[in-house]
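What follows is a single structure, written as structure tokens, with notes after it.
Just so we're clear, the structure is a prediction, and the values are computed from it rather than from any experiment.
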Amino acid sequence: MSEPTGISSFSHTFGKIIKESKYTTKALTKLLSVSLVGLTEGVPFVVSLAIVNWNDEKLSGKATEHDSHGVLRMASVTKTCTDSFGEFSDDDTEVHKLFVGGEFISEGRTLSPNVVEALCDGTGTSKENAYLHGDKYKLGLNKERMKQMQHLNGPVSEVISKCTHYYNIQGEQVSMNDTVRRDFHQTNDDIECIHKLKTIAVACKHTEDWVMVALLGLKNKNKEATKAEVKACGERGIEVIIVSSKKLPVLKEISLQYGLTTNDDQQSLLLTGDDFRKYTDKERLENVDKIRVVGEAFSSDKLLVVETLREKGDEVAFLGRRTDEVPVLMGADVGIAMGRQSSKKAIESSDIIIWDGSFSDLISIVDSGKCIYLNIQSFLQPVLITTISSFLINFIQTAAWGDACLTIAQTVWVNLGVLFLGGFALLTKPSADKPISLVPALITAQMTRNIVLQVSYQVTCLVIIQTKGSRFVGSNEYMKAVVSNIFIICQFFNLFNAREPQKKNFFRYIYRHKKFWVAITAFVVIHCSFVAVQDMFGYGITMNWKLWAGCVLVGLLSWLVDWLGKCVSWFVIKKFLNRFSNTQY
């Protein structure tokens with residue numbers, strides 16, 4: 001301790017301990033190899049499998065992921081940059097039903113370019129943002145642009161009376177007869193009475209004839225719902241930033257409407273892309289956390305905002321649609337294409353595609369990511385406890401008594417049980433009912449406390465039983481059987497502890513988690529079958545019910561150790577807070 005010890009000296013000393021011990025290193029090497037292979041190869045496999053399964057279950061019908069870990073990365077996102085589309089557009093009306101050529105346009109149908117062009121002109125929507133196929137439509141009505149087009153839109157009866165032709169699905173002009181007129185009127189009644197939407201008809205003029213383009217079922221935007229979604233993002237630690245090519249006054253009004261800023265907010269920055277470009281690198285880093293709106297921004301400005309946020313240490317998600325936003329989608333931590341109206345290049349370059357383009361679906365993905373992250377933390381706790389305690393127990397027993405109680409088969413079984421059954425039990429835990437807060441570190445202080453306590457408990461118990469338990473257990477063969485059984489049963493009870501690494505009540509909502517009970521039942525059945533097979537082939541010792549009860553009791557005490565550890569740590573924290581603050585906890 002008086003001077004640093006060289007690595008060679010340490011290696012020589014350690015080697016001497018091994019060589020002069022009463023055992024050979026072969027068995028210990030095999031046992032250690034099994035544990036480490038389970039840790040390094042099994043954990044990534046099980047986690048990746050669970051993420052893919054979770055995404056398939058939670059994103060079905062809502063979104064698709066190109067990168068299976070994209071949803072998991074959403075757990076760490078702190079900033080979301082978006083253009084002013086969808087919920088954040090300045091349009092007040094959305095199209096929720098679209099009737100063209102005698103039929104409703106449903107998911108999977110694509111309209112003719114002639115119809116798309118006429119419909120976009122009739123509603124004043126730019127062609128690149130037209131949302132004209134899918135089972136929901138968010139085609140905004142731009143009143144200023146509508147005034148510039150040679151078109152007709154208004155009440156269905158009024159528009160139909162002036163039309164001599166209509167477009168079919170293929171974009172061909174077809175003569176309008178009385179039967180077709182009745183179909184349009186009937187559809188109008190259905191949209192208004194059944195779907196409770198306001199209906200308008202859109203027609204365009206070709207030479208001297210008016211051509212019916214479509215019936216649109218309109219619905220007013222729910223701005224309060226969008227405002228609540230922005231608030232929900234804030235509760236999850238995510239700030240929303242609008243970066244758009246629109247004029248700054250328009251974006252300022254949008255930010256006020258949806259709660260991104262307030263009139264008395266003196267801290268938030270609203271600036272143009274040109275202003276942001278003129279900042280020095282130092283000024284950008286100093287001010288980027290205050291930015292809420294960037295107007296009149298080019299695609300290069302969006303990329304610059306994202307890169308600056310990442311340089312500052314934020315995890316950034318970017319919501320895009322257009323082809324010129326591909327570099328930004330690829331430059332963000334998570335690139336998200338919003339809706340079927342996104343360009344093909346944007347969809348191909350994104351990590352996640354939200355087909356409906358809904359901000360509420362984005363929040364669901366964030367919650368799913370956070371839930372997966374917490375489940376991975378819960379899963380890692382019993383895996384690390386099993387790996388560390390098995391190594392220490394095998395090492396101590398082999399070094400001190402010349403033989404390890406755990407056989408290769410038992411080590412393989414307990415690793416497979418904790419990895420696969422434990423993974424099935426813990427990685428499928430449902431989402432919490434309220435927004436989830438995360439600790440950035442994958443191995444938290446609470447997990448470290450739990451791991452140290454459980455490893456210490458298992459090693460201490462098994463060493464005591466090995467040294468003092470012969471009078472209760474009997475022969476050495478029975479001793480080995482009892483020790484190995486206790487070790488495996490302790491891992492079983494630790495699966496319960498791992499459900500709530502921080503909370504004392506790990507039974508919370510356990511009745512909802514059916515997959516956990518399936519995994520736990522399978523663990524018990526397989527372990528009993530494993531012991532029975534060992535006895536059948538003469539590789540084990542048959543224990544009586546008293547020894548089995550003792551093994552279960554020692555394993556059950558791991559619950560008490562977990563509860564006491566959490567109580568003591570909370571008591572220490574409470575005393576510390578009471579000492580250094582005026583608040584009594």
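- A donor-acceptor pair under 3.5 Å is formed between the side chain of S350 and the backbone N or O of I347.
- Side-chain contact between D281 and E311 is absent, with no heavy-atom pair separated by less than 4.5 Å.
- Using a distance-only test at 3.5 Å, with no hydrogens or angles considered, no donor-acceptor pair links the side chain of H165 to the main chain of V211.
- Residues E172 and Y167 form no side-chain contact, since every pair of their non-hydrogen atoms from C-beta on lies 4.5 Å or further apart.
- With rounding to the nearest 0.5 angstrom, the SG atom of C233 is 6.0 Å from the CG atom of L362.
- Under a 3.5 Å cut-off, the side chain of H69 and the backbone N or O of S48 do not form any donor-acceptor pair.
- In terms of modelled atom types and a separation under 3.5 Å, the side chain of E192 and the main chain of K198 share no donor-acceptor contact.
- W54 is listed as a side-chain neighbour of N375, based on a closest heavy-atom distance under 4.5 Å.
- For F99 and F184, the gap between ring centers is short of 6.0 Å.
- Taking CG from D83 and CE from M338, the interatomic distance works out to 11.5 Å, rounded to the nearest 0.5 Å.
- Remark: side-chain polar atoms of S378 are paired, donor with acceptor, to backbone N or O of A498 under 3.5 angstrom.
- Between F359 and T226 the shortest side-chain heavy-atom distance does not fall below 4.5 Å.
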Determine whether L495 and F523 satisfy the following criterion, side chain to side chain contact (heavy atoms under 4.5 Å, CB included), listing intermediate values before the conclusion. CA-CA 10 Å; L495 295 179; F523 194 106; 4.3 Å; yes

Would you check, one step at a time, whether the test side chain to side chain contact (heavy atoms under 4.5 Å, CB included) holds for I365 with I354? CA-CA 9 Å; I365 290 174; I354 299 178; 3.8 Å; yes

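- With a 6.0 Å cutoff to the six-membered ring centre and a 45° limit on the axis angle, R512 counts as a cation-pi contact of Y509.
- Side-chain N/O atoms of H513 and T428 include a donor and acceptor closer than 3.5 Å.
- Using a cut-off of 4.0 Å between Lys/Arg side-chain N and Asp/Glu carboxylate O, E283 and K290 are scored as not salt-bridged.
- Remark: the backbone N or O of F276 is paired with a side-chain donor or acceptor of R284 at under 3.5 angstrom.
- The two residues L271 and L248 come nearest to each other via the heavy atoms O-CD1, 3.7 Å.
- The closest donor-acceptor contact from the side chain of T78 to the backbone of E315 lies under 3.5 Å.
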Determine, step by step, whether M212 and V159 satisfy the side chain to side chain contact (heavy atoms under 4.5 Å, CB included) criterion, reporting the C-alpha distance in whole Å, the side-chain angles of both residues, the deciding distance to 0.1 Å, and the verdict. CA-CA 8 Å; M212 171 68 75; V159 175; 4.0 Å; yes

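- A salt bridge does not link D333 to R73: none of the charged side-chain nitrogens sits closer than 4.0 Å to a carboxylate oxygen.
- Using a 4.5 Å heavy-atom cutoff, the side chains of T80 and V77 are in contact.
- In this structure, the separation between NZ on K515 and CD1 on I520 is 15.0 Å, given to the nearest 0.5 Å.
- Contact annotation: the side chain of Y166 never approaches that of I160 to less than 4.5 Å [non-hydrogen atoms, C-beta and beyond].
- A salt bridge links E500 with K429; the closest basic N to acidic carboxylate O contact falls under 4.0 Å.
- Closest of all the heavy-atom pairs between N188 and T199 is OD1-CB, 3.1 Å.
- In this structure, SG on C81 lies 5.0 Å from CG on L309, to the nearest 0.5 angstrom.
- Proximity of K79 to I238: side-chain heavy atoms (C-beta onward) are nowhere separated by under 4.5 Å.
- The distance from the CG atom of L197 to the NE2 atom of H195 is 7.0 Å, given to the nearest 0.5 Å.
- In this structure, the side chain of S343 engages the main chain of R321 through a donor-acceptor pair within 3.5 Å.
- The pair D314-K312 fails the salt-bridge criterion, with no side-chain N (NZ, NE, NH1 or NH2) lying under 4.0 Å from an Asp/Glu carboxylate O.
- Contact annotation: the side chain of D351 never approaches that of E65 to less than 4.5 Å [non-hydrogen atoms, C-beta and beyond].
- Rounded to the nearest 0.5 Å, atoms CD1 (I241) and OG (S255) are 12.0 Å apart.
- A332 approaches V306 most closely through the heavy-atom pair CA-CG1, 3.8 Å.
- Checking D190 against T187 by side-chain atom types alone, no donor-acceptor pair falls below 3.5 Å.
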Show, in sequence, the C-alpha distance, side-chain angles and deciding distance for T272 and V294, and conclude whether the side chain to side chain contact (heavy atoms under 4.5 Å, CB included) test is met. CA-CA 5 Å; T272 65; V294 180; 6.0 Å; no

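- Between K278 and D274 a salt bridge is recorded (basic side-chain N to carboxylate O distance below 4.0 Å).
- Of the possible polar contacts, none joining the N55 side chain to the V52 backbone as a donor-acceptor pair under 3.5 Å is found.
- Closest approach of V100 to A214, counting heavy atoms only: CG2-CB, 3.6 Å.
- With respect to the salt-bridge test (charged N to carboxylate O, under 4.0 angstrom), the residues E239 and R292 qualify.
- A salt bridge links E325 to K302: one of the charged nitrogens lies within less than 4.0 Å of a carboxylate oxygen.
- For T64 and W355, the side-chain atoms include at least one donor-acceptor pair closer than 3.5 Å.
- With F507 as the aromatic partner, R499 does not meet the cation-pi criteria of under 6.0 angstrom to the ring centre and within 45 degrees of the ring axis.
- Between the side chain of K370 and the backbone N or O of A75, at least one donor-acceptor pair lies under 3.5 Å.
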